[in-house]
Amino acid sequence: MMELERLICSDKATIRDVMMCIDRNAEGTAFITDDTGSLVGVITDGDIRRLLISGYGLQDSVETHISSDFVYARKGDDSTDIINKFSERIRIIPIVDENRRVVDYVGYDENVHIPLAQPQLNGNEYKYLMDAFFSTWISSTGEYITRFEESFSNYCGAQYGVATSNGTTALHLALTALGIGPGDEVIVPDITFAATINAVIYTGATPVIVDIEENSWCIDPIEIEKAITPRTKAIIPVHVYGQPCDMGEICRIAEKNKLYIVEDCAEAHGAEWNHRKVGSFGVISCFSFFGNKVITTGEGGMCITDSEKLNSKMRILRDHGMSRERKYYHEVIGFNYRMTNMQAAIGTAQVERIDKILEWRTKLEEQYRETFGGIEGVILQNNNLPGRKKIAWLVSVLVNEDKRDIILAKLKENDVDVRAFFIPLSEMDIYRKYALNCRVSRKISRMGINLPTAYEVNGESIERIRNMICSVL
Ligand SMILES: Cc1ncc(COP(=O)(O)O)c(C=O)c1O
């Protein structure tokens, strides 16, 4: 990496000096400092060109041409805020200390890799993690477990939280606690991650796969109703890609048919249906805190519930089925589905900032909407369905089925991480036998793309992604 000094020039320098500085650093930019070393301006090769065209000579001083209107960042600024300062014109940003002395800089690389997702760990995550580490409570006992369970369940509007080793174990724990097993049927949507259906299969129950709604991509309540048999015990609505399911209808159907709702909220932390957060509708609701989720603990999950009885049952099942009163006396055949105190420490810090993280995600999705607006052949995920407040998990679009894979290849070729939508469960050999007629899911799945929704994405990269998509379309 180039040394910082090669970018710095005195405000007493001549136009020629600044040109030589820019020539040496090959960054097209010089940071101009005064006698005390404080940053007073930035001059680019474009500025120099304009000065020469206006008739100034190489020996003229730059001092009177330094604009006070320049972009810089302060040491300790949030990296997202810094990234957002980049634009077509601003490619390099000086970072100054409290005395305005340049201590570092960040440059924008046009060909930089754009990740699909990235955890935001710049709050108290490191501090709490170290605290848990030095406390030596690094397994599944410790104050952060309780703090995380309480703060996250409270955030979702539920009474109890039971932290688990991941989202899949959360789903399995929930279904087991509800007594679901062989002979029972559980309704799941065709578009979801495999963990949803696998958790049902682990219990010995039979999954029943139903179609999705065309406008929301979530499980279709009409299809749920058609799939109910005397053996149906539960429905797992999955709030896919941040979009809440139609919980009004699903709750009505569940109540009428005396079915449990186990919400799969892995992709929709903080989303709302009718001003109520997802996770507050299910008798038990499950979350994942995998690294690409809205908030993360690395690996991790949680079941939330309002039922004291289910809370207690899940705690016993999570810990090998061991009695809570009598150590090493096992009441049921349980599992080791515990989360560690270190993971919970990260989670506790993440919950502190969840609203901020969601706000940033929403803004990013808005930027995508603005930049993609009007491109014929690209449909952004619906954010305007009555009663539903989606969150931006992975910004998702539909394109023509014939073009989808070409677009994916083009973006990947250019180092942009993208994902095709989930393959419908009904199209996979191991699950096909559980599926009812699923038409919409197959169509949507072949059109869908998840776009980068990471810290490093900014206006520039969205523009880049747009241009690549347009070049294919
Ligand atoms: C809809 C859905 N359900 C369940 C899971 C499983 O979560 P985990 O990966 O934490 O086991 C995921 C996560 O990837 C998911 O997207």
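When a ligand or atom number is given, it counts from 1 through the structure's own listing order. If you're wondering where the values come from, they're calculated on a predicted model, not measured in any experiment. Side chains included, hydrogens not; waters and symmetry mates left out as well; all remaining heavy atoms used.
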Worksheet item: So, do Phe372 and Tyr368 have ring centers that fall under 6.0 Å from each other?
Response: yes
Item to complete: Output all residues satisfying side chain to side chain contact (heavy atoms under 4.5 Å, CB included) with Asp429, sequence neighbours left out; order by chain, then residue number.
Response: Arg432
Discussion item. Please enumerate all residues that pass side chain to side chain contact (heavy atoms under 4.5 Å, CB included) together with Glu185, with sequence neighbours excluded.
Written reply: Thr206, Val208, Thr229, Arg231, Thr232
Worksheet item: Within the side chain of Trp393, is there an N or O that forms a donor-acceptor pair under 3.5 Å with the backbone of His269?
Response: no
Could you pull out every N or O of ligand 1 that sits under 3.5 Å from a protein N or O, with the distance for each pair?
from, atom 1, to, atom 2, distance (Å)
ligand 1, 3 (N), Asp264, OD1, 3.2
ligand 1, 3 (N), Asp264, OD2, 2.7
ligand 1, 7 (O), Ser288, OG, 3.3
ligand 1, 10 (O), Gly167, N, 2.8
ligand 1, 10 (O), Ser288, OG, 2.7
ligand 1, 11 (O), Asn166, OD1, 3.4
ligand 1, 11 (O), Gly167, N, 3.3
ligand 1, 11 (O), Thr168, N, 2.9
ligand 1, 11 (O), Thr168, OG1, 2.5
ligand 1, 14 (O), Lys293, NZ, 2.9
ligand 1, 16 (O), Glu267, OE2, 2.6

Worksheet entry | Residues which pass ring pair (Phe, Tyr, Trp, His ring centres under 6.0 Å) with Phe133, listed by chain and number, not counting sequence neighbours | none
Worksheet item: So among Cys286, Ser288, Cys303, which one has a side-chain contact (heavy atoms from CB on, under 4.5 Å) with Leu171?
Response: Cys286
